[in-house]
There are 2 protein chains.
Amino acid sequence: MNAVNESPRRKELTRLAAQLFVQEGFDRTTVRMLAQEMGIKSGSLFHHFRDKQEILAAVIEEGTQNALSLARQALESCGDSARERLHAMARAHLETLLTDRNAHVVALYEWRRLDAAARDHLSHLRDAYEALWEQVIDEALEAGLVHGDRFLVSRFVMGALNWTVRWYDPEGERKPGDLAHELVAMITPAAPLTASESTKV
Amino acid sequence: MNAVNESPRRKELTRLAAQLFVQEGFDRTTVRMLAQEMGIKSGSLFHHFRDKQEILAAVIEEGTQNALSLARQALESCGDSARERLHAMARAHLETLLTDRNAHVVALYEWRRLDAAARDHLSHLRDAYEALWEQVIDEALEAGLVHGDRFLVSRFVMGALNWTVRWYDPEGERKPGDLAHELVAMITPAAPLTASESTKV
DNA sequence: AGATCAACCAAGCAAGCGCTAGTGTAAACC
DNA sequence: GGTTTACACTAGCGCTTGCTTGGTTGATCT
(Lines give C-alpha, C1' and ligand atoms only; values in the text may rest on other atoms or scores of the structure.)
Protein backbone atom coordinates (compact mmCIF):
# COMPACT_ATOMS: atom_id res chain seq x y z
CA MET A 1 0.00 0.00 0.00
CA ASN A 2 2.64 2.48 1.07
CA ALA A 3 5.40 3.25 -1.40
CA VAL A 4 8.12 3.20 1.25
CA ASN A 5 6.72 0.03 2.80
CA GLU A 6 9.31 -2.71 2.61
CA SER A 7 7.44 -5.62 4.15
CA PRO A 8 8.85 -9.10 3.53
CA ARG A 9 5.71 -9.94 1.62
CA ARG A 10 6.19 -7.01 -0.71
CA LYS A 11 9.81 -7.93 -1.25
CA GLU A 12 8.83 -11.44 -2.21
CA LEU A 13 6.18 -10.17 -4.61
CA THR A 14 8.76 -7.84 -6.12
CA ARG A 15 11.12 -10.72 -6.69
CA LEU A 16 8.43 -12.72 -8.47
CA ALA A 17 7.49 -9.71 -10.57
CA ALA A 18 11.09 -9.27 -11.66
CA GLN A 19 11.15 -12.81 -12.94
CA LEU A 20 7.99 -12.33 -14.97
CA PHE A 21 9.15 -8.98 -16.32
CA VAL A 22 12.29 -10.63 -17.63
CA GLN A 23 10.39 -13.54 -19.16
CA GLU A 24 7.66 -11.54 -20.83
CA GLY A 25 8.68 -7.91 -20.74
CA PHE A 26 6.88 -5.30 -18.67
CA ASP A 27 4.13 -4.44 -21.12
CA ARG A 28 3.23 -8.02 -21.90
CA THR A 29 3.09 -8.98 -18.25
CA THR A 30 -0.51 -8.48 -17.19
CA VAL A 31 -1.64 -7.84 -13.64
CA ARG A 32 -3.46 -11.16 -13.86
CA MET A 33 -0.24 -12.98 -14.68
CA LEU A 34 1.52 -11.26 -11.82
CA ALA A 35 -1.27 -12.13 -9.41
CA GLN A 36 -1.33 -15.77 -10.46
CA GLU A 37 2.42 -16.08 -9.99
CA MET A 38 1.97 -14.63 -6.52
CA GLY A 39 -0.89 -16.95 -5.69
CA ILE A 40 -3.49 -14.21 -5.28
CA LYS A 41 -6.21 -12.63 -7.41
CA SER A 42 -5.51 -9.66 -9.63
CA GLY A 43 -7.52 -7.27 -7.48
CA SER A 44 -5.52 -8.09 -4.36
CA LEU A 45 -2.38 -6.99 -6.08
CA PHE A 46 -3.40 -3.38 -5.70
CA HIS A 47 -3.37 -3.72 -1.97
CA HIS A 48 0.42 -4.02 -2.12
CA PHE A 49 1.18 -1.68 -5.00
CA ARG A 50 -0.64 1.45 -6.05
CA ASP A 51 -0.44 0.53 -9.71
CA LYS A 52 1.52 -1.58 -12.15
CA GLN A 53 4.20 1.05 -12.60
CA GLU A 54 4.99 0.94 -8.91
CA ILE A 55 5.86 -2.73 -9.19
CA LEU A 56 8.34 -1.92 -11.91
CA ALA A 57 9.87 0.84 -9.81
CA ALA A 58 10.15 -1.51 -6.85
CA VAL A 59 11.96 -4.11 -8.93
CA ILE A 60 14.47 -1.63 -10.27
CA GLU A 61 15.03 0.07 -6.92
CA GLU A 62 15.74 -3.25 -5.25
CA GLY A 63 18.36 -4.18 -7.83
CA THR A 64 20.06 -0.82 -7.86
CA GLN A 65 20.25 -0.62 -4.07
CA ASN A 66 21.90 -4.02 -3.96
CA ALA A 67 24.39 -3.08 -6.65
CA LEU A 68 25.27 0.11 -4.82
CA SER A 69 25.84 -1.50 -1.43
CA LEU A 70 27.78 -4.40 -2.92
CA ALA A 71 30.05 -2.00 -4.79
CA ARG A 72 30.70 0.07 -1.67
CA GLN A 73 31.45 -3.04 0.28
CA ALA A 74 33.84 -4.28 -2.40
CA LEU A 75 35.74 -0.99 -2.45
CA GLU A 76 36.10 -1.02 1.31
CA SER A 77 37.46 -4.52 1.55
CA CYS A 78 39.92 -4.48 -1.34
CA GLY A 79 43.47 -3.27 -1.58
CA ASP A 80 44.47 0.33 -2.25
CA SER A 81 46.06 0.00 -5.67
CA ALA A 82 44.18 1.37 -8.65
CA ARG A 83 44.32 -2.02 -10.28
CA GLU A 84 42.83 -3.82 -7.31
CA ARG A 85 40.06 -1.26 -6.98
CA LEU A 86 39.23 -1.49 -10.67
CA HIS A 87 39.11 -5.24 -10.44
CA ALA A 88 36.97 -5.15 -7.31
CA MET A 89 34.42 -2.86 -8.95
CA ALA A 90 34.19 -4.97 -12.07
CA ARG A 91 33.81 -8.09 -10.02
CA ALA A 92 31.14 -6.59 -7.76
CA HIS A 93 29.27 -5.39 -10.82
CA LEU A 94 29.31 -8.85 -12.37
CA GLU A 95 28.35 -10.52 -9.12
CA THR A 96 25.27 -8.39 -8.63
CA LEU A 97 24.45 -8.89 -12.27
CA LEU A 98 24.47 -12.58 -11.46
CA THR A 99 22.71 -12.74 -8.10
CA ASP A 100 20.10 -10.08 -8.94
CA ARG A 101 20.02 -10.90 -12.60
CA ASN A 102 16.28 -10.43 -13.06
CA ALA A 103 16.18 -7.04 -11.42
CA HIS A 104 19.11 -5.77 -13.48
CA VAL A 105 17.79 -7.05 -16.76
CA VAL A 106 14.55 -5.24 -16.00
CA ALA A 107 16.47 -2.08 -15.10
CA LEU A 108 18.38 -2.23 -18.37
CA TYR A 109 15.47 -3.06 -20.64
CA GLU A 110 12.41 -1.49 -19.05
CA TRP A 111 13.83 1.73 -17.70
CA ARG A 112 11.87 3.73 -20.24
CA ARG A 113 8.58 2.32 -19.02
CA LEU A 114 8.96 4.18 -15.72
CA ASP A 115 6.90 7.29 -15.33
CA ALA A 116 8.64 10.62 -14.85
CA ALA A 117 8.48 10.62 -11.04
CA ALA A 118 9.93 7.14 -10.60
CA ARG A 119 12.56 7.76 -13.23
CA ASP A 120 13.66 10.89 -11.46
CA HIS A 121 13.95 9.15 -8.12
CA LEU A 122 15.77 6.12 -9.47
CA SER A 123 18.16 8.06 -11.66
CA HIS A 124 19.64 9.56 -8.50
CA LEU A 125 20.35 6.09 -7.21
CA ARG A 126 21.92 5.12 -10.49
CA ASP A 127 23.99 8.28 -10.56
CA ALA A 128 25.39 7.43 -7.14
CA TYR A 129 26.45 4.07 -8.49
CA GLU A 130 28.01 5.48 -11.61
CA ALA A 131 29.87 8.03 -9.53
CA LEU A 132 31.68 5.16 -7.83
CA TRP A 133 32.74 3.93 -11.21
CA GLU A 134 33.95 7.28 -12.42
CA GLN A 135 36.00 7.65 -9.27
CA VAL A 136 37.70 4.29 -9.77
CA ILE A 137 38.30 5.05 -13.43
CA ASP A 138 39.85 8.37 -12.48
CA GLU A 139 42.22 6.63 -10.11
CA ALA A 140 43.18 4.17 -12.83
CA LEU A 141 43.88 7.02 -15.25
CA GLU A 142 45.95 8.93 -12.73
CA ALA A 143 47.96 5.84 -11.89
CA GLY A 144 48.68 5.37 -15.59
CA LEU A 145 46.95 2.01 -15.47
CA VAL A 146 44.58 2.95 -18.25
CA HIS A 147 44.90 5.58 -20.96
CA GLY A 148 42.29 7.58 -22.77
CA ASP A 149 39.36 9.87 -22.28
CA ARG A 150 37.79 9.66 -18.83
CA PHE A 151 34.23 9.84 -20.12
CA LEU A 152 34.74 7.34 -22.92
CA VAL A 153 36.66 4.80 -20.89
CA SER A 154 33.97 4.58 -18.24
CA ARG A 155 31.24 4.29 -20.87
CA PHE A 156 33.10 1.56 -22.72
CA VAL A 157 33.69 -0.38 -19.52
CA MET A 158 30.09 -0.07 -18.38
CA GLY A 159 28.96 -1.23 -21.81
CA ALA A 160 31.20 -4.26 -21.80
CA LEU A 161 29.99 -5.23 -18.34
CA ASN A 162 26.28 -4.63 -18.85
CA TRP A 163 26.33 -6.50 -22.13
CA THR A 164 27.24 -9.64 -20.20
CA VAL A 165 23.60 -10.19 -19.25
CA ARG A 166 23.11 -11.08 -22.90
CA TRP A 167 25.52 -13.96 -23.04
CA TYR A 168 26.74 -14.83 -19.56
CA ASP A 169 25.84 -18.32 -18.41
CA PRO A 170 25.82 -18.60 -14.60
CA GLU A 171 26.05 -22.39 -14.92
CA GLY A 172 29.19 -22.17 -17.03
CA GLU A 173 32.78 -22.43 -15.89
CA ARG A 174 33.60 -18.76 -15.92
CA LYS A 175 33.12 -17.03 -12.59
CA PRO A 176 32.50 -13.29 -12.13
CA GLY A 177 36.04 -12.93 -10.81
CA ASP A 178 37.42 -14.48 -13.98
CA LEU A 179 35.46 -12.16 -16.21
CA ALA A 180 36.56 -9.15 -14.18
CA HIS A 181 40.14 -10.30 -14.47
CA GLU A 182 39.91 -10.67 -18.25
CA LEU A 183 38.30 -7.29 -18.64
CA VAL A 184 40.90 -5.51 -16.55
CA ALA A 185 43.64 -7.34 -18.42
CA MET A 186 42.15 -6.27 -21.75
CA ILE A 187 42.15 -2.57 -20.97
CA THR A 188 45.46 -2.34 -19.11
CA PRO A 189 48.97 -2.93 -20.40
CA ALA A 190 50.27 -6.31 -19.33
CA ALA A 191 51.29 -6.30 -15.66
CA PRO A 192 51.62 -8.97 -12.97
CA LEU A 193 48.58 -9.68 -10.82
CA THR A 194 48.55 -8.95 -7.14
CA ALA A 195 47.64 -11.88 -4.94
CA SER A 196 44.39 -10.36 -3.70
CA GLU A 197 42.87 -10.23 -7.17
CA SER A 198 42.48 -13.96 -7.34
CA THR A 199 41.48 -14.67 -3.73
CA LYS A 200 39.63 -11.75 -2.11
CA VAL A 201 35.87 -11.81 -1.73
CA MET B 1 1.37 -7.28 -48.85
CA ASN B 2 4.19 -9.67 -49.67
CA ALA B 3 6.81 -10.25 -47.02
CA VAL B 4 9.66 -10.03 -49.50
CA ASN B 5 8.19 -6.94 -51.09
CA GLU B 6 10.62 -4.07 -50.73
CA SER B 7 8.68 -1.24 -52.35
CA PRO B 8 9.88 2.29 -51.57
CA ARG B 9 6.55 2.92 -49.88
CA ARG B 10 7.06 0.00 -47.56
CA LYS B 11 10.57 1.13 -46.78
CA GLU B 12 9.34 4.55 -45.82
CA LEU B 13 6.64 3.09 -43.60
CA THR B 14 9.26 0.88 -41.97
CA ARG B 15 11.39 3.90 -41.24
CA LEU B 16 8.49 5.69 -39.58
CA ALA B 17 7.62 2.60 -37.57
CA ALA B 18 11.20 2.36 -36.30
CA GLN B 19 10.96 5.86 -34.96
CA LEU B 20 7.75 5.15 -33.09
CA PHE B 21 9.05 1.85 -31.74
CA VAL B 22 12.01 3.67 -30.24
CA GLN B 23 9.86 6.42 -28.77
CA GLU B 24 7.17 4.22 -27.26
CA GLY B 25 8.42 0.67 -27.35
CA PHE B 26 6.91 -2.00 -29.56
CA ASP B 27 4.09 -3.08 -27.26
CA ARG B 28 2.94 0.44 -26.47
CA THR B 29 2.93 1.44 -30.11
CA THR B 30 -0.58 0.74 -31.40
CA VAL B 31 -1.46 0.10 -35.02
CA ARG B 32 -3.51 3.29 -34.83
CA MET B 33 -0.46 5.30 -33.83
CA LEU B 34 1.55 3.73 -36.61
CA ALA B 35 -1.16 4.46 -39.15
CA GLN B 36 -1.52 8.08 -38.07
CA GLU B 37 2.24 8.63 -38.33
CA MET B 38 2.07 7.18 -41.84
CA GLY B 39 -0.87 9.36 -42.80
CA ILE B 40 -3.30 6.49 -43.36
CA LYS B 41 -6.03 4.72 -41.38
CA SER B 42 -5.26 1.75 -39.20
CA GLY B 43 -7.04 -0.71 -41.48
CA SER B 44 -4.95 0.31 -44.48
CA LEU B 45 -1.81 -0.63 -42.63
CA PHE B 46 -2.56 -4.31 -43.10
CA HIS B 47 -2.33 -3.92 -46.83
CA HIS B 48 1.41 -3.37 -46.46
CA PHE B 49 2.15 -5.71 -43.56
CA ARG B 50 0.47 -8.96 -42.67
CA ASP B 51 0.41 -8.10 -38.98
CA LYS B 52 2.11 -5.91 -36.41
CA GLN B 53 4.93 -8.39 -35.87
CA GLU B 54 5.89 -8.17 -39.52
CA ILE B 55 6.51 -4.45 -39.13
CA LEU B 56 8.91 -5.16 -36.30
CA ALA B 57 10.70 -7.79 -38.36
CA ALA B 58 10.98 -5.36 -41.29
CA VAL B 59 12.52 -2.70 -39.07
CA ILE B 60 15.12 -5.04 -37.65
CA GLU B 61 15.94 -6.64 -40.98
CA GLU B 62 16.52 -3.27 -42.58
CA GLY B 63 18.94 -2.22 -39.85
CA THR B 64 20.85 -5.46 -39.79
CA GLN B 65 21.21 -5.60 -43.57
CA ASN B 66 22.65 -2.10 -43.58
CA ALA B 67 25.09 -2.92 -40.80
CA LEU B 68 26.23 -6.03 -42.63
CA SER B 69 26.83 -4.35 -45.96
CA LEU B 70 28.52 -1.36 -44.38
CA ALA B 71 30.86 -3.62 -42.44
CA ARG B 72 31.75 -5.63 -45.54
CA GLN B 73 32.40 -2.44 -47.44
CA ALA B 74 34.60 -1.09 -44.66
CA LEU B 75 36.69 -4.25 -44.54
CA GLU B 76 37.20 -4.16 -48.29
CA SER B 77 38.35 -0.57 -48.45
CA CYS B 78 40.68 -0.50 -45.46
CA GLY B 79 44.30 -1.51 -45.06
CA ASP B 80 45.49 -5.04 -44.38
CA SER B 81 46.91 -4.63 -40.90
CA ALA B 82 45.00 -6.13 -38.00
CA ARG B 83 44.86 -2.75 -36.35
CA GLU B 84 43.38 -1.04 -39.38
CA ARG B 85 40.79 -3.76 -39.82
CA LEU B 86 39.79 -3.60 -36.18
CA HIS B 87 39.44 0.14 -36.40
CA ALA B 88 37.45 -0.08 -39.62
CA MET B 89 34.99 -2.54 -38.10
CA ALA B 90 34.49 -0.46 -34.98
CA ARG B 91 34.00 2.65 -37.04
CA ALA B 92 31.53 0.99 -39.38
CA HIS B 93 29.61 -0.35 -36.42
CA LEU B 94 29.35 3.08 -34.85
CA GLU B 95 28.43 4.72 -38.12
CA THR B 96 25.52 2.40 -38.75
CA LEU B 97 24.51 2.82 -35.12
CA LEU B 98 24.34 6.51 -35.92
CA THR B 99 22.71 6.56 -39.33
CA ASP B 100 20.24 3.75 -38.61
CA ARG B 101 19.94 4.52 -34.94
CA ASN B 102 16.24 3.80 -34.64
CA ALA B 103 16.42 0.45 -36.32
CA HIS B 104 19.32 -0.68 -34.17
CA VAL B 105 17.78 0.46 -30.93
CA VAL B 106 14.71 -1.54 -31.87
CA ALA B 107 16.86 -4.55 -32.70
CA LEU B 108 18.61 -4.33 -29.34
CA TYR B 109 15.55 -3.73 -27.21
CA GLU B 110 12.67 -5.45 -28.96
CA TRP B 111 14.34 -8.58 -30.29
CA ARG B 112 12.39 -10.71 -27.88
CA ARG B 113 9.08 -9.51 -29.27
CA LEU B 114 9.75 -11.28 -32.56
CA ASP B 115 7.90 -14.52 -33.08
CA ALA B 116 9.86 -17.72 -33.54
CA ALA B 117 9.88 -17.66 -37.34
CA ALA B 118 11.13 -14.10 -37.66
CA ARG B 119 13.66 -14.58 -34.91
CA ASP B 120 15.05 -17.60 -36.67
CA HIS B 121 15.39 -15.79 -39.97
CA LEU B 122 16.95 -12.68 -38.48
CA SER B 123 19.34 -14.49 -36.20
CA HIS B 124 21.05 -15.86 -39.30
CA LEU B 125 21.62 -12.34 -40.51
CA ARG B 126 22.95 -11.31 -37.13
CA ASP B 127 25.23 -14.33 -37.00
CA ALA B 128 26.72 -13.35 -40.34
CA TYR B 129 27.48 -9.94 -38.94
CA GLU B 130 29.01 -11.29 -35.76
CA ALA B 131 31.11 -13.70 -37.76
CA LEU B 132 32.81 -10.71 -39.38
CA TRP B 133 33.64 -9.43 -35.93
CA GLU B 134 35.02 -12.70 -34.69
CA GLN B 135 37.22 -12.92 -37.75
CA VAL B 136 38.67 -9.47 -37.18
CA ILE B 137 39.16 -10.19 -33.48
CA ASP B 138 40.95 -13.40 -34.39
CA GLU B 139 43.30 -11.51 -36.65
CA ALA B 140 43.99 -9.01 -33.88
CA LEU B 141 44.78 -11.81 -31.45
CA GLU B 142 47.07 -13.58 -33.90
CA ALA B 143 48.91 -10.37 -34.65
CA GLY B 144 49.45 -9.88 -30.90
CA LEU B 145 47.54 -6.63 -31.08
CA VAL B 146 45.10 -7.74 -28.41
CA HIS B 147 45.48 -10.34 -25.69
CA GLY B 148 42.93 -12.51 -23.98
CA ASP B 149 40.19 -14.98 -24.58
CA ARG B 150 38.75 -14.87 -28.08
CA PHE B 151 35.17 -15.28 -26.92
CA LEU B 152 35.40 -12.75 -24.11
CA VAL B 153 37.23 -10.09 -26.07
CA SER B 154 34.63 -10.05 -28.83
CA ARG B 155 31.79 -9.93 -26.28
CA PHE B 156 33.40 -7.10 -24.38
CA VAL B 157 33.99 -5.12 -27.55
CA MET B 158 30.46 -5.65 -28.82
CA GLY B 159 29.14 -4.58 -25.44
CA ALA B 160 31.17 -1.41 -25.37
CA LEU B 161 30.03 -0.51 -28.88
CA ASN B 162 26.36 -1.34 -28.50
CA TRP B 163 26.15 0.51 -25.23
CA THR B 164 26.93 3.70 -27.13
CA VAL B 165 23.29 4.01 -28.20
CA ARG B 166 22.60 4.89 -24.57
CA TRP B 167 24.82 7.89 -24.33
CA TYR B 168 26.12 8.90 -27.77
CA ASP B 169 25.03 12.30 -28.92
CA PRO B 170 25.14 12.60 -32.72
CA GLU B 171 25.12 16.39 -32.39
CA GLY B 172 28.21 16.36 -30.17
CA GLU B 173 31.79 16.86 -31.21
CA ARG B 174 32.85 13.25 -31.15
CA LYS B 175 32.61 11.50 -34.50
CA PRO B 176 32.27 7.73 -34.99
CA GLY B 177 35.86 7.61 -36.17
CA ASP B 178 37.02 9.24 -32.94
CA LEU B 179 35.13 6.77 -30.79
CA ALA B 180 36.50 3.86 -32.77
CA HIS B 181 39.99 5.23 -32.36
CA GLU B 182 39.60 5.57 -28.58
CA LEU B 183 38.19 2.09 -28.25
CA VAL B 184 40.97 0.48 -30.25
CA ALA B 185 43.53 2.47 -28.27
CA MET B 186 41.99 1.30 -25.02
CA ILE B 187 42.24 -2.39 -25.78
CA THR B 188 45.60 -2.42 -27.53
CA PRO B 189 49.03 -1.65 -26.09
CA ALA B 190 50.17 1.85 -27.07
CA ALA B 191 51.32 1.90 -30.71
CA PRO B 192 51.62 4.59 -33.38
CA LEU B 193 48.63 5.14 -35.63
CA THR B 194 48.76 4.44 -39.32
CA ALA B 195 47.76 7.31 -41.55
CA SER B 196 44.65 5.59 -42.92
CA GLU B 197 42.99 5.39 -39.52
CA SER B 198 42.38 9.08 -39.39
CA THR B 199 41.49 9.73 -43.03
CA LYS B 200 39.87 6.71 -44.71
CA VAL B 201 36.15 6.55 -45.29
C1' DA C 1 -15.62 -8.38 23.76
C1' DG C 2 -15.27 -5.01 20.73
C1' DA C 3 -12.40 -2.47 17.47
C1' DT C 4 -8.84 -2.32 14.11
C1' DC C 5 -6.32 -3.62 10.33
C1' DA C 6 -3.80 -6.09 6.70
C1' DA C 7 -4.77 -9.25 3.27
C1' DC C 8 -7.55 -11.18 0.26
C1' DC C 9 -11.70 -12.15 -3.12
C1' DA C 10 -15.62 -11.84 -6.68
C1' DA C 11 -17.41 -9.15 -10.10
C1' DG C 12 -17.10 -6.08 -13.48
C1' DC C 13 -16.38 -1.35 -15.87
C1' DA C 14 -14.56 1.61 -19.39
C1' DA C 15 -11.14 1.90 -22.54
C1' DG C 16 -8.21 0.25 -25.78
C1' DC C 17 -6.28 -3.51 -28.43
C1' DG C 18 -5.08 -6.14 -33.09
C1' DC C 19 -7.26 -7.29 -36.83
C1' DT C 20 -11.16 -8.26 -40.41
C1' DA C 21 -14.82 -7.50 -43.74
C1' DG C 22 -16.59 -5.21 -47.26
C1' DT C 23 -16.29 -1.24 -50.33
C1' DG C 24 -14.49 2.64 -53.33
C1' DT C 25 -11.29 4.37 -56.73
C1' DA C 26 -7.79 5.44 -59.82
C1' DA C 27 -4.06 3.64 -62.41
C1' DA C 28 -2.03 -0.35 -65.10
C1' DC C 29 -2.51 -4.16 -68.04
C1' DC C 30 -4.33 -7.33 -71.84
C1' DG D 1 -12.92 -1.64 -72.88
C1' DG D 2 -13.05 -4.81 -69.66
C1' DT D 3 -10.26 -6.82 -65.89
C1' DT D 4 -6.99 -6.70 -62.62
C1' DT D 5 -4.17 -4.59 -59.13
C1' DA D 6 -2.58 -1.35 -55.53
C1' DC D 7 -4.00 1.37 -52.02
C1' DA D 8 -7.02 3.48 -49.24
C1' DC D 9 -11.46 3.87 -46.57
C1' DT D 10 -15.45 2.93 -42.88
C1' DA D 11 -17.18 0.30 -39.37
C1' DG D 12 -16.83 -2.66 -35.90
C1' DC D 13 -16.03 -7.49 -33.73
C1' DG D 14 -14.20 -10.06 -30.05
C1' DC D 15 -11.12 -9.84 -26.69
C1' DT D 16 -7.87 -8.10 -23.07
C1' DT D 17 -6.27 -4.49 -20.41
C1' DG D 18 -5.36 -1.88 -15.82
C1' DC D 19 -7.88 -0.84 -12.21
C1' DT D 20 -12.13 -0.09 -8.95
C1' DT D 21 -15.70 -1.34 -5.86
C1' DG D 22 -17.72 -3.40 -2.00
C1' DG D 23 -17.33 -6.95 0.99
C1' DT D 24 -15.18 -11.13 3.82
C1' DT D 25 -11.75 -13.22 6.82
C1' DG D 26 -8.67 -14.03 10.55
C1' DA D 27 -5.15 -12.28 13.45
C1' DT D 28 -3.81 -8.62 16.74
C1' DC D 29 -4.55 -5.06 20.02
C1' DT D 30 -7.08 -2.69 23.98
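Below, each value reflects all heavy atoms present in this structure, side chains not excepted, and no hydrogens, waters or symmetry copies. Throughout, protein chains are lettered first and strands after them, A, B, ... in sequence-line order, and every chain is numbered starting at 1.
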Does A/T30 reach a base, just sugar-phosphate, or nothing at all? Heavy atoms under 4.0 Å. sugar-phosphate

Which part of the nucleic acid does B/K41 contact within heavy-atom distance under 4.0 Å: base, sugar-phosphate only, or nothing? base

When you check the phosphate oxygens OP1 and OP2 of [N], does a side-chain N or O of [X] lie under 4.0 Å from one of them?
X: B/H47; N: D/dC7; answer: yes
X: B/H48; N: D/dA8; answer: yes
X: A/S44; N: C/dC9; answer: yes

[X] has a side chain; which of [options] sits nearest to it?
X: A/F46; options: D/dT20, C/dT20, C/dC8; value: D/dT20
X: B/V31; options: D/dC7, D/dC9, C/dC19; value: C/dC19
X: B/R32; options: C/dC17, D/dC19, D/dA8; value: C/dC17

d([atom1], [X]; [atom2], [N]) in whole Å:
X: B/D51; N: C/dT20; atom1: CG; atom2: P; result: 8 Å
X: B/R113; N: C/dG18; atom1: CZ; atom2: P; result: 14 Å
X: A/L34; N: D/dT17; atom1: CG; atom2: P; result: 11 Å
X: A/E54; N: D/dG18; atom1: CD; atom2: P; result: 16 Å
X: B/R10; N: D/dA6; atom1: CZ; atom2: P; result: 14 Å
X: A/L13; N: C/dA7; atom1: CG; atom2: C1'; result: 11 Å
X: B/Q36; N: C/dC17; atom1: CD; atom2: P; result: 12 Å
X: B/I40; N: D/dT10; atom1: CD1; atom2: P; result: 12 Å

Can you tell whether the side chains of B/E95 and B/R91 come within less than 4.0 Å, N to carboxylate O? yes

Aromatic ring proximity A/Y129/A/H124, centre distance under 6.0 Å: no

Looking at A/W133, I'd like to know if the NZ or CZ of A/R155 sits under 6.0 Å from its six-membered ring centre while staying within 45 degrees of the ring's axis. no

Is it the case that A/R126 places NZ or CZ above or below the six-membered ring of A/W111, under 6.0 angstrom from the centre and within 45 degrees of the axis? yes

Does the side chain of A/N66 come under 3.5 Å of the side chain of A/H104 through a donor N or O and an acceptor N or O? no

